[in-house]
Amino acid sequence: MGEISITKLLVIGALIVLLFGTKKLRSLGGDLGTAIKGFKKAMNDDDTSAKPASGSEAPAERISHKD
């Protein structure tokens with residue numbers, strides 16, 4: 001019972017296509033792709049904005065005080 005065969009997956013896929021239709025699935029896939037692209041872009045923007053901030057703090061830590 002715990003085993004999922006390829007035929008079971010094909011039957012489930014066919015039922016999903018019959019239930020929702022190809023147009024709705026296509027638009028859902030496009031929306032999902034757009035959301036993932038937006039998420040990746042936001043993650044890259046956060047990484048690039050964080051690098052200059054951490055780079056500006058490093059020289060302040062290297063200053064040594066001689067007595």
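- Taking Val11 as the reference, Leu15 meet the side-chain contact (heavy atoms from CB on, under 4.5 Å) condition, with sequence neighbours excluded.
- One hydrophobic cluster, built from ILVMFWY side chains closer than 4.5 Å, holds both Ile12 and Val17.
- Within the model, atoms CG of Leu19 and NZ of Lys24 stand 9.5 Å from one another, a figure rounded to the nearest 0.5 Å.
- Of all heavy-atom pairs between Lys8 and Glu3, the closest is NZ-O, 3.3 Å.
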